[in-house]
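Throughout, a chain's letter reflects where its sequence line sits, starting with A, and its residues are numbered from 1. Quick caveat, the model's predicted, so the values are computed rather than measured.
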Amino acid sequence: MPERETADEAGNGLEPSAFADLYTEHSRPVYYLALRLLGDPEKAQDATHDVFLKAFRKMDQFRGEASWRTWIYRIAINHCRNLQLSWHGRHVFSNADEMVWENAAAQTDSPLRVLETKELGLRIQKTLDGLSDEYRLLLLLVADQELSYEQIAALTEQSSDSVRGKLHRARKAFAVLFEKTA
Amino acid sequence: MKQQSKFSAEQNSETEHQAQSQQQREFASPEELLRFDAAQTSVPSAVAERLQRSTETISPPPNPSWWRRFFGGTNS
């Protein structure tokens, strides 16, 4: 690898710049989102690269109406969604299946207890794969503490109240499925 | 409770090294679990290296003039 003339202060391999700062701050949440949406580390790497390349090309169009995080999340969500549509193979629960979660047993209100092993990631992925695309995305977004409900609502194109209601059901659905992966 | 006893029993019977690597955790919500999972997930360094190569072939976007930033609009 050729030596860089300027110091790579961020330590991420990119030459210092506003874009490098953007990558340093947002690459981990974007990669994690892609990983859990796509379910494959290699696809997530490709998606993360493509998302930030799009961001690099469009940085001059950013007008500051949203935060950098929501702006780049929007690129990532659209990118992952387009990839999934092109695969045509995902099983998606219809709205009718939501009744399953509504009638789920009371133990889903209990804390999630897990034995911390390297298989935890596999359990989480399996659980997320069993949810609808919408529930999966909502849970992943709400897990990012930098996002408010309003920002999540804007990213998913619905009201904050709708987000809150669906998150309640999504949490329940996750708990039910997660217990089954044990 | 049975399951919890089972987890405890498993820990007692493990070697000290294995017991340290299998610690039972409790999460109040799915998002708390996901945050824990996210915190343990790193972006492979190959992504940044590849991105560096990709962006080198693209002209950097022009900085918008201050008045465009103030009044909105994109560069033509």
Option that, when pairs with chain B are counted at under 4.5 Å, heavy atom only, ranks first among A/Asp50, A/Asp144, A/Leu139, A/Leu53
A/Leu53

Would you indicate whether A/Lys54, at its atom NZ, is surrounded by more than 12 heavy atoms from other residues, nucleotides or ligands within a distance under 6.0 Å?
yes

Nearest 0.5 Å, please: how far is CD in B/Glu31 from CZ in A/Arg171?
4.0 Å

So CZ of A/Phe178 and CG of B/Leu33: to nearest 0.5 Å the spacing works out to 5.0 Å

List the atom of B/Val43, the atom of A/Tyr23, and the distance in Å for their closest heavy-atom pair.
CG1-OH, 3.5 Å

Note: A/Tyr31 and B/Pro44 closest approach over all heavy atoms is CZ-CD, 3.6 Å

Answer yes or no: is there a donor N or O on one side and an acceptor on the other, between the side chain of A/Arg28 and the main chain of B/Thr41, under 3.5 Å?
yes

For B/Val47 against A/His49, the heavy-atom pair lying closest together
CG1-N, 4.0 Å

Rounded to the nearest 0.5 Å, the CG atom of A/Leu120 sits from the CZ atom of B/Arg25 at a distance of 9.5 Å

Interatomic distance, CG@B/Asp37 vs CG@A/Leu35, rounded to 0.5 Å, equals 7.5 Å

Heavy-atom side-chain contact between B/Ser54 and A/Phe52 under 4.5 Å:
no

Close side-chain approach of A/Phe56 and B/Leu51, heavy atoms under 4.5 Å:
no

